[in-house]
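For the numbers below, each heavy atom of this structure counts, side chains included, while hydrogens, waters and symmetry mates do not. Remember, it's a predicted structure, so these values are computed and weren't measured experimentally.
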Amino acid sequence: MPMHLRRSLEGRFLLLAAALSVAAVLLTVLFAWLLGSLPDALLVSLAVCVPLTAYAVHRFMAPITRLLTALGDGVASFKDGDFSVSLNPKRDDELGTLVRLYNAAGEVLRRERQSLYQRELMLDTVIQSTPWALVLSNANERVVYSNVAARQLFHQGRRFEGQSFTEVLQDAPETLREAVRGGRDGMFSVQRDGEDEIYYLSREHFTLNAQRHSLYLFKQLTRELNRQEVAIWKKVIRVLSHELNNSLAPITSLAHSGRILAGQADTTKLTAVLATIEERAQHLKHFIDGYGRFAKLPAPRIESVDWAAFTASLSGMAPFTLEGRLPGDPGRFDATQLQQVLINLLKNAHESGSPKDAVTLNVRQTPQGLRLDVADAGPGMSPDVLEQALLPFYSTKQSGTGLGLPLCREIVEAHGGRLSLANRAEGGLVVSVWLPQT
């Protein structure tokens with residue numbers, strides 16, 4: 001018999017069967033010689049061979065049975081998450097190969113679990129050290145996980161896993177409870193020790209282990225907003241100082257010249273000086289009025305507005321080409337404020353260098369609300385300008401205040417809408433205004 005067959009289970013079964021067959025034949029011959037009768041010899045041989053065969057098969061299968069039982073227990077331990085059970089591969093047949101594969105699988109699972117544990121430990125360390133307050137709750141609003149910042153925010157530094165998040169919120173400030181119950185992301189303030197702390201709430205819903213879970217993230221923005229506020233005030237002061245100096249310095253100089261000219265009775269030059277002083281004073285007044293409008297924007301007065309009359313009055317102040325048909329239903333917004341927004345956007349479109357007939361206005365009703373697009377065929381904006389165009393005091397114009405687009409955005413957001421800018425694929429810029437219609 002070939003070596004590889006003798007080392008296989010099949011070969012060993014064949015050897016056992018051959019040995020038992022030879023034994024049965026020899027016993028039959030022996031008993032036939034002793035008893036002198038072949039039928040009697042067959043009966044006696046059968047009586048001896050059956051228990052002998054059963055014993056031989058039992059002895060042959062015993063190590064195989066023990067090994068299969070051990071393999072079954074090992075696989076069961078895998079199911080329970082225990083990968084520490086290893087078997088000694090003493091055999092060189094198929095069962096030995098199976099044992100080695102089992103041990104290799106266990107080693108891979110042990111390494112993977114260790115690696116997973118290290119990653120979970122690192123992730124938990126990052127989450128626990130983040131300043132964001134994180135709360136994970138299940139479908140029953142039971143807290144599944146919270147980090148250190150969340151415990152300090154909600155539970156005086158103590159763990160509250162397993163508790164109802166609704167009950168935990170009962171001891172939280174009212175503004176925090178309202179923010180969570182509101183169901184929307186956004187900023188809110190919490191008063192602590194007489195000081196207002198500003199937070200931003202972000203939430204996500206997802207399915208985990210066939211259950212709906214909710215993840216709440218609370219980020220404290222107080223310091224960041226304070227830094228931005230200080231930076232903005234510094235910028236305001238720089239802009240105001242620059243504009244005031246640009247106007248007051250020539251006014252002072254011209255006033256001195258005017259006093260000299262008045263003594264010389266030179267009315268022609270005196271008139272030019274006074275005209276220049278008036279022009280600089282008007283510029284300064286216009287500049288300060290712009291800041292006043294931005295700081296004192298009243299709440300919008302929402303009313304029904306007829307589109308035909310509204311666009312007709314608008315075209316008289318800032319020309320444009322109307323694209324598409326106007327909505328059949330009246331719009332609902334503050335007509336004066338939206339007119340101010342569109343005049344500003346249309347003037348910007350004309351100042352972009354776009355041909356006059358390429359400045360367009362498109363008004364359409366969508367399932368999400370009302371959308372107005374002001375488009376031009378100018379050079380568009382660079383990525384840096386697009387990113388900063390809506391920031392207060394940012395302007396690419398030499399004499400600009402940087403308040404036009406921020407004021408437009410302020411008005412639109414006061415209506416509950418949003419304003420966005422984008423370069424057009426065919427060239428130029430499109431400013432989109434979306435307003436909810438209730």
Side-chain angles (χ1 to χ4, degrees), residues 73-85 105-193 195-225 367-369 416 418 436 438:
D73 294 340
V75 173
S77 68
F78 284 179
K79 181 181 178 181
D80 296 334
D82 180 9
F83 310 127
S84 62
V85 178
E107 180 63 25
V108 170
L109 291 173
R110 282 194 294 272
R111 288 199 302 267
E112 287 293 328
R113 184 173 66 177
Q114 182 66 20
S115 176
L116 180 61
Y117 172 76
Q118 294 295 334
R119 290 196 295 268
E120 288 180 348
L121 182 61
M122 181 181 67
L123 179 61
D124 183 69
T125 302
V126 172
I127 292 176
Q128 293 299 336
S129 60
T130 182
W132 284 67
L134 183 150
V135 178
L136 178 65
S137 64
N138 60 18
N140 298 321
E141 284 297 317
R142 292 285 174 182
V143 177
V144 178
Y145 183 85
S146 66
N147 65 351
V148 173
R151 295 165 200 158
Q152 292 173 347
L153 179 62
F154 293 103
H155 216 235
Q156 300 178 349
R158 303 190 306 272
R159 288 181 174 272
F160 55 98
E161 280 79 357
Q163 299 185 32
S164 169
F165 192 35
T166 304
E167 295 177 0
V168 171
L169 286 171
Q170 294 301 320
D171 299 326
E174 178 63 26
T175 52
L176 199 158
R177 293 201 302 269
E178 290 178 355
V180 175
R181 293 169 182 166
R184 297 177 61 185
D185 297 352
M187 288 194 298
F188 62 94
S189 61
V190 175
Q191 192 170 64
R192 295 181 183 275
D193 301 325
E195 298 289 338
D196 282 338
E197 295 183 357
I198 301 173
Y199 286 85
Y200 181 82
L201 168 61
S202 174
R203 73 191 76 206
E204 294 289 340
H205 303 287
F206 56 92
T207 301
L208 180 64
N209 296 330
Q211 278 196 346
R212 180 180 171 84
H213 285 67
S214 300
L215 178 66
Y216 300 90
L217 296 172
F218 303 85
K219 183 179 182 181
Q220 191 182 50
L221 300 177
T222 308
R223 292 182 181 177
E224 182 177 340
L225 290 177
Q368 292 75 32
R418 61 180 179 270
T438 57

The single option from L176, T175, L153, L217 passing side-chain contact (heavy atoms from CB on, under 4.5 Å) against Y199:
L153

The single option from Q114, R113, R111 that satisfies side-chain contact (heavy atoms from CB on, under 4.5 Å) with F83 is R113

Provide the closest heavy-atom pair for [X] versus [Y] in the form atom of the first, atom of the second, distance.
| X | Y | result |
| --- | --- | --- |
| R177 | L169 | CD-O, 2.7 Å |
| P131 | A149 | O-CB, 3.8 Å |
| V85 | D82 | CG2-OD2, 4.2 Å |
| A179 | L201 | O-CD2, 3.3 Å |
| L134 | A150 | O-CB, 3.4 Å |

Is a donor on one side and an acceptor on the other found under 3.5 Å between the side chain of [X] and the backbone of [Y]?
| X | Y | result |
| --- | --- | --- |
| T125 | L121 | yes |
| S77 | G74 | yes |
| N138 | V144 | no |
| R203 | V180 | yes |

Show your reasoning for whether side chain to side chain contact (heavy atoms under 4.5 Å, CB included) applies to S137 and R142.
CA-CA 5 Å; S137 64; R142 292 285 174 182; over 6 Å; no

Using the test ring-ring contact (aromatic ring centres under 6.0 Å, His included), find all partners of H155 that sit at least two apart in sequence or belong to another chain.
F160

Carboxylate-amine/guanidinium proximity below 4.0 Å for E107 and R110
yes

Does [X] [atom1] have over 12 foreign heavy atoms under 6.0 Å away?
| X | atom1 | answer |
| --- | --- | --- |
| Y117 | OH | no |
| E161 | CD | yes |
| Q118 | CD | yes |

Verdict with supporting geometry, V148 and Q152, side chain to side chain contact (heavy atoms under 4.5 Å, CB included):
CA-CA 6 Å; V148 173; Q152 292 173 347; 3.7 Å; yes

Atom [atom1] of [X] and atom [atom2] of [Y]: how far apart are they, to the nearest 0.5 Å?
| X | Y | atom1 | atom2 | result |
| --- | --- | --- | --- | --- |
| E174 | F188 | CD | CZ | 12.0 Å |
| L123 | L116 | CG | CG | 10.5 Å |
| T166 | N140 | OG1 | CG | 10.5 Å |
| F206 | L136 | CZ | CG | 5.0 Å |
| F165 | Q170 | CZ | CD | 11.5 Å |

Name each donor-acceptor pair under 3.5 Å that joins a side chain in residues 207-216 to protein atoms two or more places apart or in another chain, with its distance.
residue, atom, partner, partner atom, Å
R212, NH2, H205, ND1, 3.4
H213, ND1, Q211, O, 3.0
S214, OG, H205, ND1, 2.9

Quick one: does R151's side chain get under 4.5 Å of R158's, heavy atoms only?
no

Tell me, do Y200 and D185 make a side-chain contact under 4.5 Å, heavy atoms counted?
yes

